[in-house]
Number of protein chains: 2
Amino acid sequence: MSILGKLSFKDQAFKLRENAILDATTMILKDKGFDLMTMDDVASAVGISKPSLYKHFKSKEDLVGEAMIRLIDGAGDFLDQLDKDLKPIEVLSAMLEWALRVRLEGGMPFLPSTSAHVRDMLTRNLKYVGRVLKLNYQLEKLVAKAQKSGDLDASLPSDVILFSYYSRTCDPAVEFLQRYSKLDNEQIIKHMLQVCFAGLHGPRCD
Amino acid sequence: MSILGKLSFKDQAFKLRENAILDATTMILKDKGFDLMTMDDVASAVGISKPSLYKHFKSKEDLVGEAMIRLIDGAGDFLDQLDKDLKPIEVLSAMLEWALRVRLEGGMPFLPSTSAHVRDMLTRNLKYVGRVLKLNYQLEKLVAKAQKSGDLDASLPSDVILFSYYSRTCDPAVEFLQRYSKLDNEQIIKHMLQVCFAGLHGPRCD
DNA sequence: TATAAAAGCTACTAATTAGTAGCAAAATAG
DNA sequence: CTATTTTGCTACTAATTAGTAGCTTTTATA
């Protein structure tokens with residue numbers, strides 16, 4: 001069946017549960033954040049005991065690190081399977097759209113920037129840092145190309161564009177709109193993309 | 001001296017210390033966030049003991065609520081003293097510029113959106129909610145006028161504009177740029193304003 | 001059915017921290 | 001100089017929670 005079909009039933013079950021744990025972690029992280037998420041929360045959401053949880057992940061930091069890595073890998077996979085003929089700006093737009101959709105469907109927790117504590121923790125996680133650097137490298141190249149072709153503002157430093165772009169993936173306006181407006185998810189995505197690329201002024205000549 | 005000059009020296013000193021406590025709270029909130037900020041942190045930053053701190057504020061929630069209220073009041077004061085002849089879009093731009101400058105100078109902690117816990121806490125704080133609603137009302141009117149005059153995109157729902165505008169005041173891109181780019185504070189402000197209003201595409205016709 | 005091994009759990013520990021009781025020191029008044 | 005009040009502090013408590021020791025149950029095997 002799988003490429004490594006040698007996994008016993010037991011090991012398959014183990015892997016399955018590991019995924020269930022990461023799913024629960026992602027959801028809890030999303031609405032409580034790192035500091036308020038307890039290992040008991042995670043264990044009981046999955047329906048196992050805390051010591052069983054520790055059979056899979058050796059610490060809270062490790063668990064959260066793996067959850068974040070899985071998210072980044074999801075982004076990387078999405079990027080890799082995009083049509084190679086798309087223009088850089090179209091790739092950037094598609095990635096942001098994907099990230100917003102994942103978030104609106106409850107998948108993505110708030111990203112590191114939020115708290116110095118969490119940022120430091122992730123910075124110490126070499127596996128995580130490696131993934132971030134790789135993805136960042138790919139996005140940097142896309143931004144540079146899009147600036148050259150005039151699809152992104154060439155007068156802005158590329159740092160500014162890249163960091164602003166990242167910030168849009170975790171823009172709190174998304175949660176506010178979901179909670180307080182009557183817009184549905186697809187409308188929210190459409191408007192957020194427009195605001196990101198065309199700004200609040202909207203497209204115009206002057 | 002003051003309008004209520006009846007304050008005794010003792011009461012003046014009390015008021016002064018209260019301000020010092022709020023300053024410390026704001027700074028600590030900024031870099032540790034609510035959950036990791038301890039009352040011992042605040043007390044020792046001010047150079048007093050924890051029980052003395054509790055003479056001023058009856059709980060951690062109360063303390064943080066007052067710090068947030070002071071921030072909002074600062075924004076309200078700034079808004080009120082702006083030139084009445086400015087166009088709505090100029091007022092919005094000036095307010096955002098002010099907020100970014102306050103943040104870059106270390107003043108403003110991350111806003112509520114960050115964590116459900118903090119948001120709930122502030123929602124229960126009626127004094128805080130009152131201030132927010134008042135400021136929000138003023139900004140809503142400015143957005144509506146700017147949309148009518150064509151300075152803000154009239155095709156976007158006003159919710160989307162308002163929430164996106166709020167999000168820019170606590171955009172994590174600011175901290176990233178301050179930490180990892182070579183831009184100085186004024187350059188960061190200029191670029192963030194441009195990205196907010198003109199977007200990542202930059203101004204253009206199509 | 002008896003035995004061995006694995007999986008999972010209850011119930012603990014050590015550390016942290018919001019909030020407080022009650023004492024000590026200083027200032028003020030008589 | 002003594003009495004009273006105010007101010008501030010040390011040292012506690014109760015609650016929470018990451019992480020673990022060691023027992024119990026289940027499963028697999030012979």
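In what follows, chains carry the letters A, B, and so on, assigned in the order in which the sequence lines appear, proteins first and then strands, with residues in each chain numbered from 1.
Note: CG (A:Leu53) to C1' (C:dT10) measures 16 Å, nearest angstrom. Regarding B:Phe57, its CZ atom lies at a distance of 16 Å from the P atom of C:dT20, rounded to whole Å. Look at CD1 on A:Ile21: it is 14 Å from P on C:dA7, rounded to the nearest Å. Between B:Lys55 atom NZ and D:dT6 atom P the separation is 11 Å, expressed in whole Å. Between the CG atom of B:Asp35 and the P atom of D:dT17 there is a distance of 11 Å, rounded to whole Å. We find that CZ of A:Phe34 is positioned 13 Å from P of D:dT17, with the value rounded to whole Å. If you measure from atom OH of A:Tyr54 to atom P of D:dG19, you get 4 Å, rounded to the nearest angstrom. A straight line from CE of A:Met121 to C1' of D:dA18 spans 14 Å, rounded to a whole angstrom.
Judged by atom type and distance alone, A:Lys60 does not reach the base of D:dG19 through any side-chain donor-acceptor pair under 3.5 Å. One can find a donor-acceptor pair under 3.5 Å joining the base of D:dA18 and the side-chain atoms of A:Lys50.
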Please list every donor-acceptor pair under 3.5 Å in which a side-chain atom of residues 62-80 of chain B meets a protein atom from a residue at least two apart or in another chain.
residue	atom	partner	partner atom	Å
B:Asp62	OD2	B:Lys58	N	3.2
B:Glu66	OE1	B:Lys127	NZ	3.2
B:Glu66	OE2	B:Lys127	NZ	3.2
B:Arg70	NH1	B:Asn19	OD1	2.7
B:Arg70	NH1	B:Asp23	OD1	3.0
B:Arg70	NH2	B:Asp23	OD1	2.8
B:Asp73	OD1	B:Arg131	NH1	2.6
B:Asp73	OD2	B:Arg131	NH1	2.5

Donor-acceptor contacts under 3.5 Å from residues 187-200 of chain B side chains, at least two apart:
residue	atom	partner	partner atom	Å
B:Gln187	OE1	B:Asp184	N	2.9
B:Gln194	NE2	A:Asp153	OD2	2.6

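Residue A:Ser49 places no side-chain N or O under 4.0 Å from the OP1 or OP2 atom of C:dT10. Taking only side-chain nitrogens and oxygens, A:Arg17 never comes nearer than 4.0 Å to OP1 or OP2 of C:dA7.
Applying the salt bridge (Lys or Arg N to Asp or Glu O under 4.0 Å) rule to B:Glu61 yields the partners B:Arg124; only residues at least two apart in sequence or on another chain are considered. Contacts of B:Thr123 classified as side chain to side chain contact (heavy atoms under 4.5 Å, CB included), with partners at least two apart in sequence or in another chain: B:Arg119. The salt bridge (Lys or Arg N to Asp or Glu O under 4.0 Å) test applied to A:Glu140 returns no partner, not counting sequence neighbours. By the salt bridge (Lys or Arg N to Asp or Glu O under 4.0 Å) test, B:Asp41 pairs with B:Lys32, sequence neighbours left out. Remark: B:Glu186 pairs with B:Arg101 by the salt bridge (Lys or Arg N to Asp or Glu O under 4.0 Å) rule, at least two apart or across chains.
B:Lys60 forms a cation-pi arrangement with B:Phe34, by the criterion of a distance under 6.0 Å to the ring centre and an angle within 45° of the ring axis.
Across the interface with DNA chain D, nearest-nucleotide mapping of A:Pro51 and B:Ser52 shows B:Ser52 to be the residue nearer the 5′ end.
Within residues 37-48 of chain B, the residues having any heavy atom closer than 4.0 Å to DNA chain D are, in order of number, B:Ile48.
Summary for the helix from C:dT1-D:dA30 to C:dG30-D:dC1: the axes at its two ends, each from 5 pairs, differ by 10° when rounded to the nearest 10 degrees.
For A:Arg168 and B:Asp171, the salt-bridge test passes: some basic side-chain N is under 4.0 Å from an acidic carboxylate O.
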